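The next block holds one structure in the form of structure tokens; read it before the comments.
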Amino acid sequence: MTAWLNVVIAFGWMLGAQRVTAIETLPQMVITATRSERQPFNTPQAVSIISEEAIERSNQFATPDLFRYAEGVYIQRSNLGGGSPFIRGLTGKQVLLLIDGVRLNNSFYRFGPHQYLNTIDPNIIERIEVVRGPSSVLYGSDALGGTINIITKKRTDFSQPFDADGLLAGHYETAADAWALRGQLEGNWSGLGAIAGASGKDYDDLNGGGDLGEQVPSAYEEVNADLKLNYRFGAGHELILAQQFTRQFDVPKTNEVVLGDKLQFNYEPQERILTYLDYRGSEVGIFDALRLNLSYNRQQEGEQIIARATPSTETQELTDVGTFGAFFQADHFVGTRHHFTYGFEFYRDEYDTEKTQINLITETSTPITPGVPDGTYYQSWALYVQDEVQLWKDAEAIAGIRYSNFESEGEVGATQLSFSTDAVVGNLNLRFGITPHLNLVGGLAWGFRAPNIEDFFGRVDFFNEIPNTKLEPEEVFNKEIGLKYLSASLFAEAYYFHADYEGFIERVTVGLQPNGLPIQQRRNLRDAAIQGVEANLGYRWSEQWLLAANLMWTEGSAEDTGEPLQRIPPINGSARLRYAPWQNLWLEAAALWADSQTRLAPNDIIDPRIGPGGTPGYVVFDLRTGYLPAKNHELLLSLENILDKKYKTHGSGIFNPGINFGVTYRIRF
């Protein structure tokens, strides 16, 4: 414990950045960490907030780009249409994505970087909350590295019996010759509020920095539509109906073509449709607060592939996953010291899959076996309880426990396979107020990721790969300690964490076929440890000037061999300085940096996105400004990578944009 505290103190004043807007609008509230409203300063967990103001000022039209300066999150890209968040060294199905508390992750999510964060339209986002570290007690499977909750906009102004307004916005950026448009209507009729909008995007092939030029293929198109109704009735009761639609067209997986053995690899279609009905009430019967949610989330992913070795054959595979979800959450205060939160969750994924091989010369097609058997289902349910306890005036504890159960069934050929497992996890987080401005925080948390469809079925065909019906959940035991400081002009925090992982699921050779090719199976093979430091700073020394910076260091090693873990990001961070001379004008200069990553896992060395030389470090400089030329008009300008640096984040299959001029114009009416 002493060593941890020394590390925290040593880094405590090298702190990197809470969002600048968090300083402007203190006190903010965070919900995701405990499922109830708390100030970030008094939240024992490590949390990051990207506010609505920060989102609107970012001059970005893709959700992964909103994390450009976010503390504790590192974005990797295999293509322009992707963007996978790394939190504490993990990504893919080991990081949980939520939309308004509803799971976006389904059982098809794969290990390693993926593109699903980019299927969320940034125009609908009110704010983003990130809980860094395991949060499986409240959110279940996949919440190992962290949890990202995308909280969407709703009507909040009911001051008039009837009112309506709207928004038109256009965006253009030069690096991909890209444009985006957004139209939105918002209003209320008595207690019924509504927001409805549509947006479209068109990206050309992305230009990288230096002499790289266009990265072909990377271009794609996208359309979005959304509707959200919220009805307020009685005192403290609200009913919400939300609908979201995203469709992306012919999204190339650039690394498979440029670095791999494919002539074509397109995600077509890439589609997401989410519908949910949500009730939220206060003082409902015996409950101080109550939330009920029913959801249906449909995600379609198609792959259209032509291999270089067989240029006359195209393989088309479609995986259509429909997820029905339901959850119940209740809050109950016992006396003045205990705040209980407890609930129940249920999710069921149902698969509709097909795969076809097309002869491009004869134009004939032949059905073949898809990666996931058609008709497969994956189901989970869970119970949890959490108690927020006031120990004394300046000290509190948050303790919780969860039980989760999982089952899956599908038919491979003539063989019916079934799988079931369960998990029990807990957590304990503490906050001690050293002074009114300084908190010492820390915690112990157990997290898990249950084997999903990709683990269980994988590429099972009983020849190249055989199933494992005895897979166990991946587990983590996380220890962390930190300091948080808050005054009228300064927010600063630093964390040290150490996480021990058991049973990472990997593919292993278990035998040989008669032709000498390997027979593989998924097994719980690897134990590992990941440790790191996160530090953030936001400082406002006058009404006009704001400074923000962040720092993140992560190191991961396998317990058995001591080898580095795959895709661990290098030490990285950002710094920003903002000046607002008048109420209608602000200017910002920023730097984004990362050290080189040469501490490589064996799989990194053979990964063409990385290679034996690792990933070079970089420093990139940006300029931004915002101006209000007239009432209800807003102009945003940005110049990113102003030195035209050729760079990419560690593990990426595409280089980041070279010098990139962006402009957004908004009109509100």
Side-chain angles (χ1 to χ4, degrees), residues 92-111 114 116 135-144 147 272-278 291-301 318-329 342-353 370-385 401-412 415-425 447-458 460 467-475 503 505 522 524:
K93 57 188 175 185
Q94 295 170 325
V95 170
L96 178 61
L97 304 180
L98 306 171
I99 301 179
D100 295 324
V102 177
R103 289 180 66 94
L104 181 62
N105 289 42
N106 61 33
S107 56
F108 187 61
Y109 279 26
R110 59 185 176 272
F111 175 74
H114 57 55
Y116 305 112
S135 48
S136 290
V137 166
L138 294 181
Y139 298 105
S141 182
D142 305 351
L144 293 178
T147 299
R272 182 182 66 84
I273 302 174
L274 171 64
T275 303
Y276 71 77
L277 182 66
D278 195 286
R291 183 179 180 189
L292 303 172
N293 183 284
L294 298 173
S295 64
Y296 183 74
N297 184 21
R298 182 183 181 187
Q299 298 185 65
Q300 282 189 316
E301 182 176 308
L318 178 65
T319 304
D320 188 343
V321 186
T323 304
F324 170 76
F327 67 77
F328 155 90
Q329 176 190 322
Y342 45 91
F344 169 81
E345 289 184 350
F346 174 86
Y347 287 94
R348 180 183 174 95
D349 298 342
E350 296 186 347
Y351 283 77
D352 184 2
T353 63
V372 177
D374 186 37
T376 297
Y377 79 86
Y378 185 93
Q379 182 174 291
S380 67
W381 62 268
L383 295 165
Y384 65 87
V385 61
I401 190 170
R402 179 189 188 98
Y403 172 78
S404 299
N405 182 275
F406 302 85
E407 66 178 58
S408 178
E409 192 170 288
E411 188 174 284
V412 179
T415 305
Q416 190 78 18
L417 296 177
S418 61
F419 163 82
S420 63
T421 190
D422 59 6
V424 178
V425 291
F448 74 98
R449 185 191 70 81
N452 67 4
I453 288 295
E454 198 270 340
D455 295 309
F456 178 42
F457 285 106
V460 169
N468 185 353
T469 59
K470 299 185 182 299
L471 285 173
E472 298 291 336
E474 298 176 340
E475 298 179 346
I505 296 172
R522 303 290 181 98
N524 295 92

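What's counted below: heavy atoms across the whole structure, side chains too, no hydrogens, waters or symmetry copies. Owing to the predicted nature of the structure, the values given are computational and were not obtained by experimental measurement.
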Check: Do R402 and E345 sit within salt-bridge range, that is, some charged N less than 4.0 Å from a carboxylate O?
Finding: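 Answer for the salt bridge query: yes.
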Item checked: N-O pairing of R522 and D455 below 4.0 Å ->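 Result for this pair is yes, salt bridge flagged.
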Next item on the list: Give me the one residue out of N105, L274, V102, I99 that meets side-chain contact (heavy atoms from CB on, under 4.5 Å) with N297.
Entry: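 Of all the options given, the one that passes is L274.
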Within the side chain of [X], is there an N or O that forms a donor-acceptor pair under 3.5 Å with the backbone of [Y]?
{"X": "S107", "Y": "I453", "answer": "no"}
{"X": "S408", "Y": "Y378", "answer": "no"}
{"X": "Y351", "Y": "F108", "answer": "yes"}

Margin query: So that I know where these two stand, are Y296 and Y276 an aromatic pair - ring centroids less than 6.0 Å apart?
Written below: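 No, the ring of Y296 stays outside the 6.0 Å limit from the ring of Y276, centre to centre.
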Does the side chain of [X] pick up a donor-acceptor pair with the side chain of [Y] at under 3.5 Å?
{"X": "Q379", "Y": "R348", "answer": "yes"}
{"X": "T323", "Y": "D349", "answer": "yes"}
{"X": "Q300", "Y": "D320", "answer": "yes"}

Next item on the list: Give the ring-plane orientation class for Y342 versus F328, where under 30° counts as parallel, over 60° as perpendicular and anything between as tilted.
Entry: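 Rings of Y342 and F328: tilted, 30 to 60°.
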Next item on the list: Compare every heavy atom of I505 with every heavy atom of E474, then report the nearest pair and how far apart it is.
Entry: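 It is OE2-N, 2.9 Å.
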